Amino acid sequence: MAEENKKEQVKPQQNNNKKRNNKRNKFSAKLGNQQWELDIKDAINANKQVRQRALQSFNKMNPNNPNKIKITPLGGLGEIGGNFMVMETNTSAIIIDIGMSFPSEDMHGVDILIPDFSYINKIKNKIEGILITHAHEDHIGAVAYFFKQFKFPIYATPLPLGMLANKFDEHGLKKEKSYFKPVQKRKTYKIGEFDVEWIHITHSVIDASSLAITTEAGTIIHTGDFKIDHTPIDGYPTDLHRFAYYGEKGVLCLLSDSTNSYRSGITKSEISVGPTFDNIFSKAKGRVIMSTFSSNIHRVYQAIEHGIKYNRKVCVIGRSMERNLDIAMELGYINLDKRIFIDAHEVSRYNDKDVLIVTTGSQGETMSALYRMATDEHRHIKIKPSDQIIISAKAIPGNEASVSRVLNFLIKAGAKVAYQDFSEIHVSGHAAQEEQKLMLRLVKPKFFLPVHGEYNHIHKHKQTATSCGVNPKNILLMSDGDQVEVCTKYIKKIGSVKTGKTYIDNQINRKIEDDVVEDRQNLAESGVVMIVAQIEKDSKKLFSNPIVRSYGIVPDREDKTFSKEMEDLIDQFLINCKPELFDDKRALEKAMRQVIRKHIFRKLKKYPTIVPTVFLM
């Protein structure tokens with residue numbers, strides 16, 4: 001009985017202990033849950049701070065740094081091509097690229113345009129060197145003309161220097177090649193007050209570079225022309241690691257290529273052109289004639305590889321194409337057996353199906369080999385109906401009419417032409433929006449200057465940068481001649497300098513004066529009237545009927561009527577003429593010119609060029 005009472009007493013005690021333990025366990029669990037929640041919140045806040053710091057690496061820079069950099073684009077903004085920029089401190093300056101651009105159709109007899117070099121005269125004493133990003137004409141095409149006025153060291157990778165060497169030879173500047181300074185990528189060069197690293201990027205020309213320019217004010221990244229090609233022909237993709245490296249250190253300002261800022265997605269790899277070439281080559285029954293930019297060595301290389309695959313001999317026509325291919329082979333960028341090549345005069349010895357012709361003229365240039373073939377003016381090559389033409393390029397803005405013209409000639413000759421109707425016959429060398437975003441995210445700049453393109457292109461690039469977290473207040477849209485000052489505290493426009501274009505006749509490598517081009521434009525738009533008049537000084541009358549010749553004014557069938565009209569006008573002019581004018585032949589010719597000009601304007605609403613020649617009897 002006592003034992004049973006004991007058991008009964010123990011049982012309630014055990015139950016009480018269990019209840020107490022359960023309460024303790026529940027309390028501990030609650031405390032554990034609270035601690036876990038606190039740890040989660042701490043981790044979330046810490047990760048936010050980490051990500052914020054990672055996105056704003058530029059905050060590592062000293063906000064009180066007094067140093068400043070001045071950036072002045074002298075070409076390449078508000079236009080496609082003609083890239084030319086100056087970066088300077090108070091005592092040191094560098095030039096980035098000196099390129100050419102194409103003339104408009106009303107610039108008669110003008111082959112290329114080069115930038116105005118006036119500003120360089122003002123700062124020439126502090127210029128330390130010229131930095132070249134890549135070998136396209138819109139970045140190096142004006143260097144030889146520049147060197148005829150100024151001489152500074154030229155820093156570039158081997159291919160751009162090789163192409164510049166040929167230009168210097170043509171311009172009689174062989175001795176000036178001593179200014180060439182070959183650079184290695186991923187190596188820093190001290191150029192005045194600037195530490196510069198060339199970073200490998202992919203583009204539509206071999207050996208292209210971006211620039212990391214480190215100064216006392218901070219690091220500036222200039223992308224040059226770029227796209228992010230993960231499968232380039234040579235196997236060397238864009239060196240994204242270096243952009244990320246500088247992005248982590250903190251970048252003051254990014255200048256980035258805006259050419260394709262309206263194109264969504266990504267730009268296709270250069271290698272994507274290969275299958276299209278293969279399809280065209282496999283079906284071609286006659287000659288294949290491929291035209292592209294002479295500097296696009298990888299495109300030319302792909303075409304030649306497919307020519308070899310289908311047992312075709314290769315004929316390269318066009319001075320710049322031959323020269324650039326030779327340089328690329330000589331420097332080891334591409335490897336081709338020279339036995340596959342034949343000269344233009346040898347083409348006729350081979351069956352059409354055994355020939356590939358690689359040529360210049362993708363922009364419809366009137367002096368190019370393709371244009372001369374299309375117009376039946378080439379010495380060795382005439383277009384045949386069996387020919388397969390490939391134009392593996394897109395018309396540069398302003399060249400659309402020229403390209404259309406050569407297309408029409410080729411089609412009239414009966415050839416098959418593959419152009420834009422083949423979606424992958426050409427791929428761009430410029431970054432589309434997603435690649436631009438990647439560059440912005442890697443570099444993470446405090447300030448952003450979109451470059452390379454018309455105003456609408458850089459404006460669109462600004463929108464892309466804003467979507468990637470760049471403060472809109474830290475983005476500035478420049479035009480040629482704007483001087484922009486940047487430091488850790490601000491970016492702002494501080495002034496402007498003179499810019500413009502110089503007209504060049506590329507056949508003789510000489511400048512064409514502005515007034516010559518203006519005269520040509522006026523002659524084309526309004527015509528010319530030439531008058532030879534013999535005037536009796538005493539009677540103040542015409543001695544005989546004047547000789548009148550007009551061009552671009554009236555049709556030939558109306559020449560006699562127009563001559564009579566001019567004779568009557570001169571008679572009336574002489575009646576009303578001031579007596580003192582008959583003592584000054586030049587003054588008389590000037591007055592006659594004004595009268596005739598006003599008369600023609602009232603009648604035809606044109607201001608033709610008037611050339612009067614007066615003989616006083």
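Along the sequence shown, the residues carry numbers beginning at 1. Since we're looking at a predicted model, the values are computed, not measured.
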For the residue pair D207 and H134, confirm or rule out a side-chain donor-acceptor distance under 3.5 Å. no
E170 with K167: basic N within carboxylate O range, under 4.0 Å: no
What donor-acceptor contacts under 3.5 angstrom involve side-chain atoms of residues 516-524, with partners at least two apart or in another chain?
from, atom 1, to, atom 2, distance (Å)
R520, NH1, H108, O, 2.7
Q521, NE2, D106, O, 3.3
N522, ND2, T609, OG1, 2.8

Short N-O contact, K493 and D482, less than 4.0 angstrom: yes
Check the side chains of S428 and T267 for a donor-acceptor pair under 3.5 angstrom, ignoring hydrogens and angles. no
Basic-acidic side-chain contact under 4.0 Å: D257, K227: no
Taking the six-membered ring for Trp and the single ring otherwise, decide whether the centroids of H171 and Y145 are under 6.0 Å apart. yes
Just checking, is any N or O donor in the side chain of E485 or Y490 under 3.5 Å from an acceptor N or O on the other one? yes
Between S204 and N296: side-chain donor-acceptor atoms closer than 3.5 Å: no
Using a strict threshold of under 4.0 Å (side-chain N to carboxylate O), is an ion pair present between K185 and E197? no
I'd like to check the side chain to side chain donor-acceptor pair (under 3.5 Å) partners of D326; sequence neighbours left out, ordered by chain and number. none
So salt bridge (Lys or Arg N to Asp or Glu O under 4.0 Å) across residues 71-86, not counting sequence neighbours, yields E79-K501
